[in-house]
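As structure tokens, the structure follows; a few thoughts come after it.
The sequence lines fix the lettering, A, B, ..., with proteins before strands; numbering per chain opens at 1.
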There are 2 protein chains.
Amino acid sequence: MRTDQRITTAMTELLRRQGYAATGIQQLAEASGAPVGSIYHHFKGGKRAVAHRALEESGAAYLELLVLLLGRYDDPVAGIEGVFADAAETIESTGWANLCPVGTVLGEVADVEPELRAAGDRVIASWIEAGTEHYERCGLSGPDARSFVYALVAGLEGAFILARAQRSREPLLAAGRVLAGSLAALLATARPG
Amino acid sequence: MRTDQRITTAMTELLRRQGYAATGIQQLAEASGAPVGSIYHHFKGGKRAVAHRALEESGAAYLELLVLLLGRYDDPVAGIEGVFADAAETIESTGWANLCPVGTVLGEVADVEPELRAAGDRVIASWIEAGTEHYERCGLSGPDARSFVYALVAGLEGAFILARAQRSREPLLAAGRVLAGSLAALLATARPG
DNA sequence: GTCTATACACAGATAGAC
DNA sequence: GTCTATCTGTGTATAGAC
């Protein structure tokens, strides 16, 4: 694997576990196997630039994953419960590590790192757009689809936090159940009968 | 105001804005007006102890606030939309600062600060318990109430992140709309007719 | 209980040999 | 493109005068 890719991947993992501020260049060097000088060679902007790349990469990966997971079932309602159940299983099996560095980092730096906030903004916008199209194809109106996707992403990110804090799958399973019910109700009114 | 209270209050504000790792003792001293030595005098455990206290205090404050806001309307569904609308207005008027230091800090330190994670766990448990009782009184079954409260708290925390990242009220308003609809559906099946 | 000075480790970043 | 040594600032924490 190329050096810059190894650095980005290591950064993603560190952001997941401990966030942006607590992650040091030295630690990144150890985790990636690349010496400090190499990091600055590949990323002129230093730590911030590496994090920027890591957010973009994670954002794109989750965009693919989300669409894949949601489309896995014929029934959209089952798809929602499936996504949350999968997340619950994964998060426990990783020892309650965060699944999404984007949410963690944005919560931490949105007020103090304009560049990273803007990168996260673009990532989230891409999720909302793709999700909205997905649920429009399922039969929801544009506004309903968009609202539901915001609730879905917010519910996922929030439930990640609760699940990690409580070391329990319950927050994810509960949020999935409620959002699945919500989608069922929206679909029922959208295509009555 | 007492010195230890000033320190705790300043820490809460700093945690909100920039999280735990990025907040230094020196910065806390400046923000609180108390010199470094006084911080260590009042909080033997240093930075971690101050953050611990700040989380407990914020948790208790939000417990009161949440119950107050939810009970403000006779109609529980209107209460949900009211909470999210209020949050949207407040978050914008503060320049997109985080409203809840608990979520931010937990996302950042859950894997690396066991003491703070445990403190946050207790705070969240207190929210879930109080919220569950509230919605049981509204007519939901115990399991439905508990699931809905998890979805509610997760939706709030997640929407805070999205709203700050996008500098938009839309995530909060959208999540509120969806969760209000979800509660309406749950109430309709709980007390038919 | 308040405040200053300081110890010691480590941060991010850079220069320059290889 | 890789790696080492190092610069400068800041981090947490403490000792001890007041």
Residues forming a side chain to side chain donor-acceptor pair (under 3.5 Å) with A:Q27, sequence neighbours excluded: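 Result, side chain to side chain donor-acceptor pair (under 3.5 Å) vs A:Q27: A:Q18.
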Results of side chain to side chain donor-acceptor pair (under 3.5 Å) for B:D144 - residues two or more places apart only: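 For B:D144 there are no side chain to side chain donor-acceptor pair (under 3.5 Å) partners, ignoring immediate neighbours.
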Got a sec, which residues hit side-chain contact (heavy atoms from CB on, under 4.5 Å) with [X], two or more places apart in sequence or on another chain?
X	value
A:T3	A:R6, A:I7, A:A34, A:H42
A:A31	A:A10, A:L14
B:L106	A:I161, A:A165, B:V102, B:I124

Axial bend angle, the helix from C:dG1-D:dC18 to C:dC18-D:dG1: five-pair end segments, nearest 10°: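 Here the local axes at opposite ends form an angle of 0°.
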Span of DNA chain C in contact with chain B (heavy atoms, under 4.0 Å):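 First and last nucleotides in contact are C:dG1 to C:dT4.
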Pick out the pairs of N or O atoms, protein on one side and nucleotides 9-13 of chain D on the other, that lie under 3.5 Å.
{"from": "D:dG11", "atom 1": "OP2", "to": "B:Q26", "atom 2": "OE1", "distance (Å)": "3.0"}
{"from": "D:dT12", "atom 1": "OP1", "to": "B:T23", "atom 2": "O", "distance (Å)": "3.3"}
{"from": "D:dT12", "atom 1": "OP1", "to": "B:I25", "atom 2": "N", "distance (Å)": "3.4"}
{"from": "D:dT12", "atom 1": "OP1", "to": "B:K47", "atom 2": "NZ", "distance (Å)": "3.3"}
{"from": "D:dT12", "atom 1": "OP2", "to": "B:I25", "atom 2": "N", "distance (Å)": "2.5"}
{"from": "D:dA13", "atom 1": "OP2", "to": "B:Y40", "atom 2": "OH", "distance (Å)": "2.8"}
{"from": "D:dA13", "atom 1": "OP2", "to": "B:K47", "atom 2": "N", "distance (Å)": "3.4"}
{"from": "D:dA13", "atom 1": "O5'", "to": "B:Y40", "atom 2": "OH", "distance (Å)": "3.4"}

Charged tip of A:K47 within 45° of A:Y20 ring normal and under 6.0 Å: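 Pair A:K47/A:Y20 counts as cation-pi.
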ring-ring contact (aromatic ring centres under 6.0 Å, His included) contacts in which one or both residues fall within residues 70-113 of chain B, not counting sequence neighbours: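 Output for this query is empty, none listed.
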Selection residues 124-150 of chain A - residue pairs positive for ring-ring contact (aromatic ring centres under 6.0 Å, His included), sequence neighbours left out: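 Those involving residues 124-150 of chain A are A:Y135-A:F148.
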Report all side-chain donor-acceptor pairs from residues 175-189 of chain A shorter than 3.5 Å, counting only partners two or more places apart or in another chain.
{"from": "A:R177", "atom 1": "NH1", "to": "B:S147", "atom 2": "OG", "distance (Å)": "2.4"}
{"from": "A:T189", "atom 1": "OG1", "to": "A:A185", "atom 2": "O", "distance (Å)": "3.4"}
{"from": "A:T189", "atom 1": "OG1", "to": "A:L186", "atom 2": "O", "distance (Å)": "3.0"}

Qualifying side chain to side chain donor-acceptor pair (under 3.5 Å) pairs with a residue from residues 108-122 of chain B, counting only residues at least two apart or across chains: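 For residues 108-122 of chain B: A:R164-B:D111, A:Q166-B:D121, B:R48-B:E113, B:H52-B:E115.
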